[in-house]
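Just so you know, these numbers use all the heavy atoms, side chains as well, and skip hydrogens, waters and symmetry mates.
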Number of protein chains: 2
Amino acid sequence: MDGPLNIGLLCFIVQRAMEDRVLADLAAAGYDDVTIAQGRVLARVDAKGTRLSDLAERARVTRQTATFMVDHLERAGYVRRVPDPSDARARLVVFAERGLAAQEVARRTEAVVQEEWTRHLGRRATARLHELLSRLREITDPYR
Amino acid sequence: MDGPLNIGLLCFIVQRAMEDRVLADLAAAGYDDVTIAQGRVLARVDAKGTRLSDLAERARVTRQTATFMVDHLERAGYVRRVPDPSDARARLVVFAERGLAAQEVARRTEAVVQEEWTRHLGRRATARLHELLSRLREITDPYR
DNA sequence: GACATTAGGCAGAGAATCGAATCAAGATAG
DNA sequence: CTATCTTGATTCGATTCTCTGCCTAATGTC
């Protein structure tokens with residue numbers, strides 16, 4: 001850990017910062033029963049619903065782990081499981097009311113944090129950072 | 001998870017990619033008894049030795065968790081605990097032989113991966129990315 | 001229809017994480 | 001100097017997370 005940090009490590013720091021901020025705001029807003037691991041899964045549910053396998057891929061955990069997380073999130077009222085009309089084997093994880101409300105809080109915090117970052121780096125630089133990370137994603141994201 | 005990904009999420013993807021590559025190479029080289037969590041702590045030990053509290057801060061875990069990780073790493077021969085000459089309360093976590101050898105493998109993989117990334121982004125862009133992330137670190141790293 | 005594949009779940013074990021309390025060694029104030 | 005406060009590390013106990021392996025059901029293929 002001597003010398004300048006590599007890009008992976010720098011990304012760790014930045015990512016954790018965002019995660020911690022969002023989780024703190026969620027807890028402050030009364031959503032204090034969602035853990036980091038659950039939050040990572042919850043954050044990857046999209047509006048039309050997401051298959052469990054896709055959640056697992058996005059959150060970089062096994063299907064079993066995702067099942068476990070969704071179990072908890074479902075019991076806590078954040079999501080529901082509904083049948084996937086396009087495939088009888090699959091089920092879609094969709095937001096429940098509490099999940100939508102929490103998502104709203106998370107979105108707001110993300111915006112605030114991005115705003116802070118933009119103030120620090122400048123608009124142009126922030127846009128450039130986003131672009132570079134997106135390009136890096138092309139070769140680092142195993143799932144599209 | 002609809003729409004464009006925020007910088008935090010992009011960082012998650014990049015960071016995990018690096019971590020997975022390093023861990024895979026470590027396992028392939030015979031260091032298959034170190035887990036991701038242990039690796040995160042091990043990667044933050046520096047040459048002159050590092051205090052447990054500092055390891056905990058850098059890896060973003062509690063001191064208890066760091067103690068647990070170092071216990072395992074010590075038992076597996078990656079590190080040793082030695083007294084801190086500057087403070088009798090503290091102990092320094094230093095590399096043992098196996099840890100040094102593993103570090104060498106990890107360093108090599110990091111270099112290879114950074115090389116791949118540089119090939120994809122270009123030299124200038126990669127340097128810019130590193131600079132931007134470093135500047136972002138100024139306000140996202142709670143520990144200096 | 002037989003066979004492989006894919007989606008999801010169950011069970012069990014092991015790993016990781018934390019909160020609370022403990023202990024020892026500095027640091028500080030009077 | 002001793003009483004108190006702070007700091008570094010650890011232990012204990014409980015909870016959460018994560019994986020390997022196996023299983024069922026639905027789909028797709030030949």
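- Under 4.0 Å is where a charged nitrogen must lie from a carboxylate oxygen, and between A/R60 and B/E19 no such pair does.
- For A/T62 and D/dC19, the shortest distance from a side-chain N or O to OP1 or OP2 is below 4.0 Å.
- Residue B/S53 is in sugar-phosphate contact alone, with no base atom involved, counting any heavy-atom pair closer than 4.0 Å across all strands shown.
- Within 4.0 Å (heavy atoms only), A/R81 reaches sugar-phosphate atoms of the nucleic acid but no base atom.
- Residues B/D33 and B/Y78 have side chains that bring a donor and an acceptor to within less than 3.5 angstrom of each other.
- With hydrogens and angles ignored, no donor-acceptor pair under 3.5 angstrom links the side chain of A/Q64 to the base of C/dG8.
- Under 4.0 angstrom from either OP1 or OP2 of C/dC18 there lies at least one side-chain N or O belonging to B/T65.
- Here the nucleotide nearest the side chain of B/R89, chosen from C/dG9, D/dA26, D/dT6, is D/dT6.
- For B/I36 and D/dC19, the CD1 to P distance is 7 Å, given to the nearest whole Å.
- Within 4.0 Å of A/D87, counting heavy atoms only, lie sugar-phosphate atoms of the nucleic acid but no base atom.
- Note on A/R91: a side-chain N or O is less than 4.0 Å away from OP1 or OP2 of C/dG9.
- Nearest-nucleotide positions on DNA chain D place A/Q38 closer to the 5' end than the other of A/A88 and A/Q38.
- For A/M69 and D/dT15, the CE to C1' distance is 12 Å, given to the nearest whole Å.
- Bending across the helix from C/dG1-D/dC30 to C/dG30-D/dC1, expressed as the angle between its end axes from five pairs apiece, amounts to 30° (10° rounding).
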